[in-house]
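Working notes, structure below.
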Amino acid sequence: MFFKALRKKGILGMNRRVGDYILTHNERKKYQLVDNKITTYELCKKHNVSQPDHYFHVTNIGQIKKIKKDLIQLKSFCIKPARGAMGNGILVVNEVLGTEEEPEFDTSKGLMNIKKLSHFISDILSGLYSLSGHPDQVIIQEKIILHPVFDNYVYKGIPDIRFIVYKGYPVMAMLRCPTKKSQGRANLHQGAVGCGINIATGHITNCIYLNNSINTHPDTGKELKDLAIPYWEELLVQASKCYEMTQMGYIGVDMVLDKNKGPQLLEINARPGLSIQLANSTGLIPRLELINQQKSNADLKSIIAFCQSHFNA
Ligand SMILES: Nc1ncnc2c1ncn2[C@@H]1O[C@H](COP(=O)(O)OP(=O)(O)O)[C@@H](O)[C@H]1O
Ligand SMILES: [Mg+2]
């Protein structure tokens with residue numbers, strides 16, 4: 001039912017059209033810029049796009065023995081694979097407890113001692129969570145602090161905001177809220193809530209959970225449409241800048257809001273999924289075609305103004 005109605009609205013499907021946009025606008029050799037989160041981080045620094053800091057990287061097994069003293073100095077952090085995807089291999093450390101000799105880590109997967117934590121890091125290095133299965137590198141990243149505007153809109157974890165950015169135009173956006181089912185992760189197929197967003201204002205328009213339309217967060221009961229995302233224009237600007245930064249014409253840009261640092265880029269995806277259309281209950285095609293009719297040299301300010309006036313849903 002849902003899908004039939006969407007086809008009428010110009011939904012971009014898993015067919016030739018995906019090839020049209022992804023293959024035509026994303027050069028193969030550019031993929032490595034976004035498929036490796038360390039490369040993306042370095043690129044962001046050059047282009048003044050804000051990201052959670054990387055404290056350090058672990059690149060070989062030998063290094064693991066020596067990282068205890070570095071880790072215990074950090075109050076909190078997040079461990080993730082450089083080439084991971086879909087929320088796999090991500091461990092959030094909320095607090096370091098215990099003693100210097102025998103530290104304990106309060107993590108998103110329960111309490112861990114240094115041996116267990118080292119094991120987790122070595123699994124990432126071996127490629128257990130990497131896209132390709134090849135050996136990987138480990139990022140020790142600043143922990144994102146939930147912005148209070150999202151209180152009761154998430155069950156643990158951090159919500160993220162996915163933008164589809166076409167030739168620099170943020171054409172569609174959705175907020176992904178972690179649930180009990182998604183185990184605190186913001187990935188839809190793991191059971192996060194997907195909320196469509198009005199590009200003009202940052203207000204939530206329409207929400208889905210496990211492919212069904214909903215109005216309230218399944219765990220907290222909070223009314224989802226009451227939410228308006230703060231820093232909305234800044235989020236649009238940062239998302240748009242990812243085009244200039246990657247020179248990839250069709251990307252999924254994932255942003256988060258940190259309590260202290262505001263909008264931060266989490267990652268860029270060169271093959272963004274299509275469920276953003278379900279969350280917004282509208283198709284991408286009319287929006288993409290409208291962008292095709294625009295001049296290609298518009299400045300950032302007019303790009304944002306254009307999207308806000310035309311995608312005011
Ligand atoms: N630094 C962090 N602090 C807290 N939570 C994080 C952090 N990085 C990622 N997460 C959580 O993990 C999810 C997936 O992270 P992401 O970097 O997008 O990896 P993936 O490529 O696996 O999707 C995020 O949506 C967020 O909920
Ligand atoms: Mg992600």
Side-chain angles (χ1 to χ4, degrees), residues 31-41 43-44 49-57 71 74-96 105-109 120 123-124 127-133 136-147 150 153-164 173-195 219 229 235 239 242 251-273 275-276 279:
Y31 277 52
Q32 41 101 16
L33 298 177
V34 300
D35 283 350
N36 184 323
K37 292 185 172 82
I38 296 177
T39 317
T40 310
Y41 179 69
L43 199 62
C44 282
V49 171
S50 186
Q51 276 220 292
D53 284 337
H54 286 193
Y55 294 128
F56 60 93
H57 301 138
L71 291 181
L74 302 171
K75 283 200 184 88
S76 60
F77 52 94
C78 173
I79 303 178
K80 66 169 70 168
R83 299 174 58 85
M86 299 186 292
N88 295 324
I90 294 191
L91 185 76
V92 178
V93 176
N94 300 307
E95 204 182 348
V96 183
F105 301 88
D106 174 16
T107 82
S108 49
K109 294 183 200 291
F120 186 82
D123 276 348
I124 296 179
L128 187 66
Y129 305 107
S130 84
L131 281 168
S132 55
D136 204 351
Q137 293 170 301
V138 183
I139 300 169
I140 310 295
Q141 187 181 49
E142 179 180 9
K143 182 189 155 184
I144 299 153
I145 312 290
L146 184 74
H147 192 286
F150 296 121
Y153 287 104
V154 294
Y155 174 84
K156 294 184 176 168
I158 300 290
D160 67 8
I161 304 150
R162 155 67 57 95
F163 291 89
I164 295 292
M174 97 174 134
L175 175 74
R176 297 182 291 198
C177 299
T179 63
K180 202 171 201 169
K181 178 149 182 85
S182 77
Q183 297 178 310
R185 292 183 283 190
N187 303 78
L188 286 202
H189 67 278
Q190 273 151 347
V193 173
C195 308
D219 306 311
I229 298 171
L235 285 162
C242 293
I251 46 178
V253 175
D254 296 345
M255 306 282 309
V256 290
L257 267 190
D258 180 86
K259 182 181 174 186
N260 306 311
K261 294 170 78 182
Q264 309 275 298
L265 176 78
L266 197 54
E267 66 164 332
I268 300 174
N269 202 306
R271 313 161 197 81
S275 49
I276 191 167

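Please read all numbers here as calculations on a predicted model, not as lab measurements. One-based numbering, in listed order, for ligands and for the atoms of each.
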Atoms of ligand 1 less than 4.0 Å from [X] heavy atoms?
{"X": "Ala186", "value": "25 (O)"}
{"X": "Gly87", "value": "20 (P), 22 (O), 23 (O)"}
{"X": "Lys37", "value": "17 (O), 19 (O), 20 (P), 21 (O)"}

Quick one: does [X] get a heavy atom under 4.0 Å from ligand 1?
{"X": "Ala85", "answer": "yes"}
{"X": "Gly157", "answer": "no"}
{"X": "Arg176", "answer": "no"}
{"X": "Met86", "answer": "yes"}

* Around Lys181, counting heavy atoms of other residues, nucleotides and ligands shown, do more than 12 lie under 6.0 Å from its NZ? -> no
* Asked: Counting only heavy atoms not in Lys180, do more than 12 fall under 6.0 Å of its NZ?
  -> no
Taking the side chain as every heavy atom from C-beta outward, state whether [X] and [Y] have any atom pair closer than 4.5 Å.
{"X": "Val96", "Y": "Phe77", "value": "yes"}
{"X": "Arg185", "Y": "Gln190", "value": "yes"}
{"X": "Ser182", "Y": "Asn187", "value": "no"}
{"X": "Leu257", "Y": "Pro263", "value": "yes"}
{"X": "Ile276", "Y": "Arg162", "value": "yes"}
{"X": "Pro159", "Y": "Leu146", "value": "yes"}

Any nitrogen or oxygen of [X], side chain or backbone, less than 3.5 Å from one on ligand 1?
{"X": "Val92", "value": "no"}
{"X": "Pro52", "value": "no"}
{"X": "Asp254", "value": "no"}

Could you find the nearest protein heavy atom to [atom] and give me its residue, atom name and distance?
{"atom": "atom 9 (C) of ligand 1", "answer": "Lys80 NZ, 3.4 Å"}
{"atom": "atom 24 (C) of ligand 1", "answer": "Leu266 CD2, 3.6 Å"}
{"atom": "atom 13 (C) of ligand 1", "answer": "Ile90 CD1, 4.1 Å"}
{"atom": "atom 2 (C) of ligand 1", "answer": "Ile144 CD1, 3.4 Å"}
{"atom": "atom 27 (O) of ligand 1", "answer": "Ile158 O, 3.0 Å"}
{"atom": "atom 18 (O) of ligand 1", "answer": "Glu267 OE2, 2.9 Å"}

* Donor-acceptor pair, side chain of Asp258 and main chain of Ile145, under 3.5 angstrom -> yes
* Any N, O or S atom of Asp254 closer than 2.8 Å to the Mg ion (ligand 2) -> no
* Within a distance of under 4.0 Å, is there any protein heavy atom near atom 11 (C) of ligand 1? -> no
* **Residue from Asn94, Val93, Ile79 passing side chain to side chain contact (heavy atoms under 4.5 Å, CB included) with Thr107** => Val93
* Minimum-distance N/O/S atom that Glu267 presents toward the Mg ion (ligand 2) -> OE2
* Asked: In terms of ring plane angle, is the pair Tyr41 and His54 parallel, tilted or perpendicular, where the classes change at 30° and 60°?
  -> parallel
* What pair of heavy atoms forms the shortest contact from Pro81 to Asn88, and how long is it? -> CG-O, 3.7 Å
